[in-house]
Number of protein chains: 2
Amino acid sequence: MPAHPQTSTAAVVAAGRRLLEERGVDALTMREVADAVGVRAPSLYKRVRSRSDLFRLVLEDVADELTSVLDAAAMTGDPVADLGAMAAAYRRFAHANPVTYTLMMAPQAIPGATARSVRSSATFLNTVARLAGPMHALPAARTIVAWAHGFITMELAGAFRLGGDVENAWDFGLNRILAAIRRPAD
Amino acid sequence: MPAHPQTSTAAVVAAGRRLLEERGVDALTMREVADAVGVRAPSLYKRVRSRSDLFRLVLEDVADELTSVLDAAAMTGDPVADLGAMAAAYRRFAHANPVTYTLMMAPQAIPGATARSVRSSATFLNTVARLAGPMHALPAARTIVAWAHGFITMELAGAFRLGGDVENAWDFGLNRILAAIRRPAD
DNA sequence: TGGTAAGGCTAATATATTTAGCCTTCACGG
DNA sequence: CCGTGAAGGCTAAATATATTAGCCTTACCA
């Protein structure tokens, strides 16, 4: 009955991403994805090599979107303001995509996707360099990213259980770290 | 033929942990675990409720060990030295158990295991309080843990690809953050 | 108008987890 | 002694999944 396309790789990836985010990693079965795009499971193999390949494509999609979000966040030219905005955008993205964000940053996931979102953000490194000086730009950038990623991961994991104000902890950490990273004398 | 025990829950968990760490998450099958402890797969259900229950038990085991390691690391009484030692011990543990460490900290994993390792470390919070003052102890502790966890995760994920000295970035981050967290006036 | 390739489909294969139900051994009370 | 019951194995079977094989239809194009 079917002639040419009834779906597309992009639709398959989008369905997989939605499924992953809304119903978790175990719900990403070929059967569910196929249902979502309106074909039978074996037909998906005309679009993706395998389930793990679909996984990879979904996470790359997420990484690409994160990169865009970050690149669009630095606007003012003031390094402290811009880094704050990028960190906030980063956190907002993770909150909007908790499952896929976490998976994207996990080791087994994609060799490359983690680095991808960061590496491609030359904007970020430049902004850090303006704050920390070129000598310390790389370790300073690593400090900020590590903190932000760690904070968000723990937050999403529900690891902050001792009460207190999590927003306050975010602001505290961001302010202290940016201050600590500023180059001593200029 | 068999009468009483041929294995034990502890042995099953230990085998699962070894398998997970050495061969990755896909290798943790009931069949492999059963082979490792010398029984057939269905017999494992006399020990654990399900595969995901075994998963949970393995990660709890890892979390408990991490807690012990951290509690043992603070020795000198000087908060900066002690926090540095705890951070180093934390990182060393993660390097020795990369797969299970990462899984333990992942959201879907165990509601509780993430918090567990941190919450049970009252030692850590006390040490931070001595450095940051009681007002800021909680956000300061969250800043340190977030940074350390984020750094280690990215490091294990191979996210630090822009060259540079990763050891140097660790020392840089630790020193700057500890300095930034110290209470302004005392 | 007929060949061809894209893109569906069903059927079959292989591997997982998990449940059902059986069988043997041991400890222990009569 | 012996018989009984529970612990803890086992095999067989049910269910779910990814994946492969091979077929069939449609649209395009020479």
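Scope of the values below: all heavy atoms of this structure, side chains included, with no hydrogens, waters or symmetry mates. Each chain gets a letter, A, B and so on, in the order the sequences are listed, and its residues count up from 1.
Per the geometry, OH belonging to Y45(A) stands 6 Å off P belonging to dA18(D), to the nearest Å. At whole-Å resolution of the value, CZ in F55(B) and P in dT18(C) are 12 Å apart. One can place CG of L54(B) at 10 Å from P of dT18(C), the figure rounded to the nearest angstrom. If you take CD of Q6(B) and P of dT25(C), they are 12 Å apart, rounded to a whole angstrom. We find that NZ of K46(B) is positioned 13 Å from C1' of dT25(C), with the value rounded to whole Å. For the pair R51(B) CZ and dA16(D) P, the computed distance is 18 Å after rounding to whole Å. Rounded to whole Å, the distance from NE2 on H4(B) to P on dG8(D) is 6 Å.
Sequence order on DNA chain D of the closest nucleotides to D26(A) and R49(A) puts D26(A) first from the 5' end.
Listed by residue number, there are no residues of residues 12-20 of chain B with a heavy-atom contact under 4.0 Å to DNA chain C. For the segment residues 28-43 of chain B, residues with any heavy atom less than 4.0 angstrom from an atom of DNA chain D are, sorted by number, V39(B), R40(B), P42(B), S43(B).
The side chain to side chain donor-acceptor pair (under 3.5 Å) check on S50(B) picks up S52(B), with sequence neighbours excluded. Taking the ring-ring contact (aromatic ring centres under 6.0 Å, His included) definition, one finds that F93(B) meets it with nothing, sequence neighbours left out. With sequence neighbours excluded, the residues that form a salt bridge (Lys or Arg N to Asp or Glu O under 4.0 Å) with R17(A) are D61(A), E65(A). Remark: S8(A) pairs with A10(A), A11(A) by the side-chain contact (heavy atoms from CB on, under 4.5 Å) rule, at least two apart or across chains. For T143(A), there are no side chain to side chain donor-acceptor pair (under 3.5 Å) partners two or more places apart in sequence or in a different chain.
Taking 4.0 angstrom as the limit, R47(A) places a side-chain polar atom (N or O) nearer than this to OP1 or OP2 of dG8(C).
You'll find the ring centres of Y90(B) and H95(B) outside the 6.0 Å limit.
Applying the side-chain hydrogen bond (donor to acceptor under 3.5 Å, both in side chains) test to pairs two or more places apart or on separate chains, those with a residue in residues 74-86 of chain B are T76(B)-D82(B). Within the structure, the salt bridge (charged side-chain N to carboxylate O under 4.0 Å, His left out) test picks out the following pairs touching residues 138-158 of chain A (sequence neighbours left out): R91(A)-E155(A). Pairs engaging residues 40-54 of chain B under the salt bridge (charged side-chain N to carboxylate O under 4.0 Å, His left out) rule: D53(B)-R56(B) [sequence neighbours left out].
Distance alone, capped at 3.5 Å, is enough to place a donor-acceptor pair between the R176(B) side chain and the A180(A) backbone.
Across the helix from dT1(C)-dA30(D) to dG30(C)-dC1(D), the helix axis at one end is tilted relative to the axis at the other end by 20° (nearest 10 degrees, each axis from five pairs).
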In residues 30-37 of chain B, what donor-acceptor pairs under 3.5 Å come from side-chain atoms, sequence neighbours left out?
residue : atom : partner : partner atom : Å
E32(B)  : OE1  : R23(B)  : NH1          : 3.4
E32(B)  : OE2  : R23(B)  : NH2          : 3.3

